[in-house]
Amino acid sequence: MALAPAGFREIVSGRARGIWPTLARGVLRLLEIPYAAAVNLRNWRYDTGRAAIHRAGVPVVSVGNLTLGGTGKTPMVEWLARWYAAHGIRVTIVSRGYGSQAGHANDESLELAQKLPGVPHVLDADRVRGVKCAIDRHATELVILDDGFQHRRLHRDLNIALVDALEPDGFGHVFPRGTLREPLSGWRRADAIVLTRADMVDEPRRKQIRALVTQYAPSAAWVEACYRPKFLLDRHGNEHPLGELQATSVAAFCGIGNPDSFWRALEDSGFRLLNRRAFPDHFAYAPADAEKLANWAGQTGAATLLCTCKDLVKIGPLWSSGLPLYALASQLELLSGGEGLESLLRRSSAAQGRA
């Protein structure tokens, strides 16, 4: 039987107690051993030159992370694309297109297309081929590789690793015993480490996380950032001030890697949250799901239903209920280390004179 994301995190974090969770952790620890060995072998092949690394011909800036899901890569990609555009550099976003159907965009690309209408986005599981397409079709001067930290086949000129302040170390284990895609030693490949949701933990905790990261990446630039809620977005693309709904009772749902961060953002924004529901990351909503969510929210007594922008681009076209549906739109803000990051962006750019 498949384990829901929330249940999985309860087990691997150690929060779930008792005989069965303890046995489950033991089984997952055994499964972790071959998975981690395979990841280490793959990294060793690239580190030693036994596996080929391809150069794109234009600078490649990679955004990724060590943990599964939810560190906020999409807002970081958006911020980078806007920064380069402001400095006159043509960029194309290249991603694997995880969760997309053949010939269709996935949730991240739909969200980015809405926020960055002038920026091309190439989806290709073969990202070496995807970058070639970006150069040939879009005359791109720089590629932003979305979720590319583990994609070792492609040379990158700048490697940005995001670390979620709420779940920085993947509970100390590689999947499936924890949420790490690879051991923490992978941080050594990063040129910059961005601590996301830094505003959700106190300064001693931020220092503790930085000390952990520095053990593996002592020379990486350190940046602290947050995702600041800016406005509400309805399913027609119209913006509404946050205060418009803060006096009403709301229910919320999401299908993202770290649902707790969304609940926290809603509460910190002053919303009165009656109930919440989490779906698996990249969940593909069907018309029946939209109808069930509307009924569920109505039964809780909520006057409005809230979700993330990533969810709205998928469920918005299916929404037929009279219950108002909005997404909480947030933007990345750099709290510290911005100058160091921008220096790296200039250095990695093909058009340093303009940047």
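Since the structure is predicted, the reported quantities are computational estimates derived from the model, not experimental observations.
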- Item | Residue pair Phe171, Arg9: steps toward the side chain to side chain contact (heavy atoms under 4.5 Å, CB included) verdict | CA-CA 9 Å; Phe171 307 114; Arg9 275 181 160 78; 4.3 Å; yes
- Whether Arg156 side chain and Gly148 backbone form a donor-acceptor pair below 3.5 Å: yes
- What heavy-atom pair brings Ser185 and Tyr216 nearest, and what distance separates the two atoms? CA-CD2, 3.5 Å
- So do the side chains of Leu162 and Thr67 get within less than 4.5 Å of each other, counting heavy atoms only? no
- Is a side-chain donor or acceptor of Lys314 paired with a backbone partner of Phe283 at a separation under 3.5 angstrom? yes
- Query: Between Leu31 and Arg177, does a side chain to side chain contact (heavy atoms under 4.5 Å, CB included) hold up when you go through it step by step?
  - Reply: CA-CA 7 Å; Leu31 296 174; Arg177 175 57 184 86; over 6 Å; no
- Sub-3.5 Å donor-acceptor pair from the side chain of Thr196 to the main-chain atoms of Thr71, do we have one? yes
- What do you reckon, is CZ of Arg15 surrounded by more than 12 foreign heavy atoms closer than 6.0 Å? yes
- Task: Quick one: pull up CG in Asp147 and CG in Asn65 and give me the separation to the nearest 0.5 Å.
- Result: 6.0 Å
- Rounding to 0.5 Å, atoms CD1 (Ile193) and CG (Leu341) come to a distance of 11.5 Å
- Could you state whether Val174 and Leu212 fall into the same hydrophobic cluster, counting links through intermediate Ile, Leu, Val, Met, Phe, Trp or Tyr residues with side-chain heavy atoms under 4.5 angstrom apart? yes
- For Ile19, look at atom CD1 and say whether over 12 heavy atoms of other residues, nucleotides or ligands are found less than 6.0 Å away. no
- Task: Taking Arg127 for its side chain and Leu145 for its backbone only, find out whether a donor-acceptor pair lies under 3.5 Å.
- Result: no
- Would you indicate whether the side-chain heavy atoms of Leu116 and Ile93 approach each other to under 4.5 Å? yes
- Message: Taking the basic N atoms (NZ, or NE/NH1/NH2) and the acidic carboxylate oxygens, is any pair closer than 4.0 Å for Glu32 and Arg29?
- Response: yes
- How long is the span from the CD1 atom in Ile33 to the CG atom in Leu28, to the nearest 0.5 Å? 11.5 Å
- Task: Could you pull out the closest heavy-atom pair between Ala225 and Leu332, with the gap in Å?
- Result: CB-CD1, 3.7 Å
- Does a sphere of radius 6.0 Å around CD in Glu291 hold more than 12 heavy atoms from other residues, nucleotides or ligands, not counting ones at 6.0 Å or beyond? no
- Query: Are the side chains of Pro183 and Asn40 in touch, meaning some heavy atoms are under 4.5 Å apart?
  - Reply: yes
- Message: Evaluate Glu167 against Thr179 for side chain to side chain donor-acceptor pair (under 3.5 Å), listing each step before the verdict.
- Response: CA-CA 9 Å; Glu167 195 177 296; Thr179 59; 3.2 Å; yes
- Item | Under 3.5 Å: donor-acceptor pair, side chain of Ser269, backbone of Ala265 | yes
- Closest non-hydrogen atom pair between Leu323 and Ala297, with its separation: CD2-CB, 3.5 Å
- Query: Can Arg153 and Asp126 be counted as an ion pair, charged N to O under 4.0 angstrom?
  - Reply: yes
- Task: Apply side chain to side chain donor-acceptor pair (under 3.5 Å) to Asn43 and Glu182, showing your working.
- Result: CA-CA 9 Å; Asn43 280 330; Glu182 58 177 301; 3.1 Å; yes
- Query: Going by an N to O cut-off under 4.0 Å, is there a salt bridge joining Asp47 and Arg189?
  - Reply: no
- Counting only heavy atoms not in Lys292, do more than 12 sit closer than 6.0 Å to its NZ atom? no
- Is any side-chain heavy atom of Thr140 less than 4.5 Å from a side-chain heavy atom of Pro120? no
- Message: A side-chain contact here means heavy atoms from C-beta on lying under 4.5 Å apart; do Asp157 and Leu142 qualify?
- Response: no
- Counting N and O atoms only, with roles assigned by atom type, does the side chain of Tyr227 sit under 3.5 Å from a partner on the main chain of Gly72, one being a donor and the other an acceptor? yes
- Task: Applying side chain to side chain contact (heavy atoms under 4.5 Å, CB included), run through Leu312 and Arg235 and close with a yes or a no.
- Result: CA-CA 7 Å; Leu312 186 65; Arg235 61 193 181 91; 4.1 Å; yes
- Message: Between Asp191 (side chain only) and Asn159 (backbone N and O only), is there a donor and an acceptor less than 3.5 Å apart?
- Response: yes
- Note on the structure: Of all heavy-atom pairs linking Arg17 and Pro21, the shortest is O-CG, 3.5 Å
- Message: I'd like to know whether CZ of Arg42 has more than 12 heavy-atom contacts from other residues, nucleotides or ligands below 6.0 angstrom.
- Response: yes
- Query: Honestly curious: do Leu325 and Trp296 fall in one hydrophobic cluster under the side-chain, below-4.5 Å linking rule?
  - Reply: yes
- Non-hydrogen atoms of Val94 and Ala134 that approach each other most closely: CG2-CB, 4.1 Å
- Message: Which residue in the set Tyr326, Trp263, Tyr285 passes ring-ring contact (aromatic ring centres under 6.0 Å, His included) when paired with Phe253?
- Response: Tyr285
- Message: Using side chain to side chain contact (heavy atoms under 4.5 Å, CB included), reason through Val91 and Val61 one step at a time and then give a plain yes or no.
- Response: CA-CA 10 Å; Val91 302; Val61 176; over 6 Å; no
- Message: Quick check for you: to the nearest 0.5 Å, what is the distance between Phe262 atom CZ and Glu267 atom CD?
- Response: 10.5 Å
- Item | Nearest non-hydrogen partners of Ala252 and Leu273, listed with the distance | CB-CD1, 3.6 Å
- Message: Would you say that Thr92 contacts Ile144 through its side chain, given a criterion of any heavy-atom pair below 4.5 Å between the two side chains?
- Response: no
- Task: With the side chain counted from C-beta on, respond yes when Thr214 and Trp222 share a heavy-atom pair under 4.5 Å apart, and no when they do not.
- Result: no
- Report the C-alpha separation of Asn238 and Asp234 in whole Å, then their side-chain angles, then the decisive distance to 0.1 Å, and conclude whether the side chain to side chain donor-acceptor pair (under 3.5 Å) test is met. CA-CA 5 Å; Asn238 302 311; Asp234 66 30; 3.2 Å; yes
- How long is the gap from CH2 on Trp79 to CD on Gln331, to the nearest 0.5 Å? 12.5 Å
- Item | Nearest-0.5 Å distance that lies between atom CG in Asp268 and atom OG in Ser261 | 11.0 Å
- Query: Under 3.5 Å, is there a donor-acceptor pair between the side chain of Glu141 and the main chain of Arg90?
  - Reply: yes
- Query: Is Lys132 salt-bridged to Asp136, going by a charged N under 4.0 Å from an acidic O?
  - Reply: yes
- May I ask whether Val163 and Val201 are part of the same hydrophobic cluster, defined by side-chain heavy atoms of I, L, V, M, F, W, Y residues being less than 4.5 angstrom apart, directly or through others? no
- Answer with yes or no whether the hydrophobic clustering places Met200 together with Ile256; edges join I, L, V, M, F, W, Y residues whose side-chain heavy atoms lie under 4.5 Å apart. no
- Message: Are Leu166 and Ile209 connected into the same hydrophobic cluster when the rule is that any two of I, L, V, M, F, W, Y join if their side-chain heavy atoms are below 4.5 Å apart?
- Response: no
- Query: Can you tell if the side chain of Val12 reaches within under 4.5 Å of the side chain of His173, non-hydrogen atoms only?
  - Reply: no
